[in-house]
Amino acid sequence: MAERRNDVRDTTAVFERALGEGAYDRVCAVLAPVTVEEVEQSAGSPCVRAMSEASLPPGGPVRRTDVYGNQARAVLSSDTLFLSHFTYGWRVVAAGCEPRPQEPYQCRIKGG
């Protein structure tokens, strides 16, 4: 279980570093396929361009990771990411997520 949490933390770090550097090709490479599809469909442009226009700020350091089977949540200082595990590793399914009392998170970037 600790290994899976570390893998989630590592994937989150790759996503956040790429976001902070404006390396949107690397941001898109860490997104889950369904999220890439949704981002491109919503924006009407390729993922790299759509993510650059989304102006999603980096979420800061990871405070906590929770892993539930093939799903995970990474709580950062100013963001929450949701991830799913695929045969090729963890990918970000949703980002820019804020908790809402008694309701699901509201996410700026999400798949499906």
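We number each residue from 1, following the sequence as shown.
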(request) With rounding to the nearest 0.5 Å, note down the distance linking CZ in R9 to CG in N6. (result) 7.0 Å

(message) For the backbone of G96 and the side chain of D79, can you confirm whether one donor and one acceptor N or O come within less than 3.5 Å of each other?
(response) yes

(request) Evaluate the side-chain proximity of H85 to R91: yes if any heavy-atom separation is below 4.5 Å, no if none is. (result) no

(message) side-chain contact (heavy atoms from CB on, under 4.5 Å), that's the test. Do L56 and L19 meet it? Break it down for me.
(response) CA-CA 8 Å; L56 186 68; L19 197 58; 4.1 Å; yes

(request) Indicate if V75 and V93 have the same hydrophobic cluster label, given that clusters are the connected sets of ILVMFWY residues with side-chain heavy-atom separations under 4.5 angstrom. (result) no

(request) Specify the closest pair of heavy atoms between C107 and A94, including all atoms of both residues, with the distance to one decimal. (result) SG-CB, 3.9 Å

(request) For E3, look at atom CD and say whether over 12 heavy atoms of other residues, nucleotides or ligands are found less than 6.0 Å away. (result) no

(message) To the nearest 0.5 Å, what is the distance between CZ on R49 and CD on E53?
(response) 5.0 Å

(message) Quick one, W90 and V67 - any side-chain contact, counting heavy atoms below 4.5 Å?
(response) yes

(message) Could you report the tightest heavy-atom contact between R108 and S55, atom names first, then the distance?
(response) NH2-O, 3.5 Å

(request) For the pair E16 (side chain) and G59 (backbone), establish whether a donor and an acceptor sit closer than 3.5 Å, ignoring hydrogens and angles. (result) yes

(message) Quick check for you: to the nearest 0.5 Å, what is the distance between L31 atom CG and R26 atom CZ?
(response) 13.0 Å

(message) Please identify which of these residues, T80, T12, D66, T65, meets the side chain to side chain donor-acceptor pair (under 3.5 Å) condition with R73.
(response) D66

(message) Please give me the minimum heavy-atom distance between S77 and G60, naming the atom from each residue.
(response) OG-CA, 3.5 Å

(message) So, taking the atom named CD1 in I109 and the one named CZ in F82, what distance separates them when rounded to the nearest 0.5 Å?
(response) 14.5 Å

(message) Can you tell me how far apart OG (S52) and CG (D25) are? Round to the nearest 0.5 Å.
(response) 11.0 Å

(request) Check whether V14 and V27 end up in the same hydrophobic cluster, where Ile, Leu, Val, Met, Phe, Trp and Tyr are linked by side-chain heavy atoms less than 4.5 Å apart. (result) yes

(message) Would you say CD of E98 has more than 12 non-hydrogen atoms from neighbouring residues, nucleotides or ligands within 6.0 angstrom?
(response) no

(request) Please round to the nearest 0.5 Å and tell me the distance separating atom CD of E38 and atom SG of C47. (result) 11.5 Å

(message) The test is side-chain contact (heavy atoms from CB on, under 4.5 Å); show your working for M51 and C28 and say whether it passes.
(response) CA-CA 8 Å; M51 288 303 295; C28 291; 3.8 Å; yes

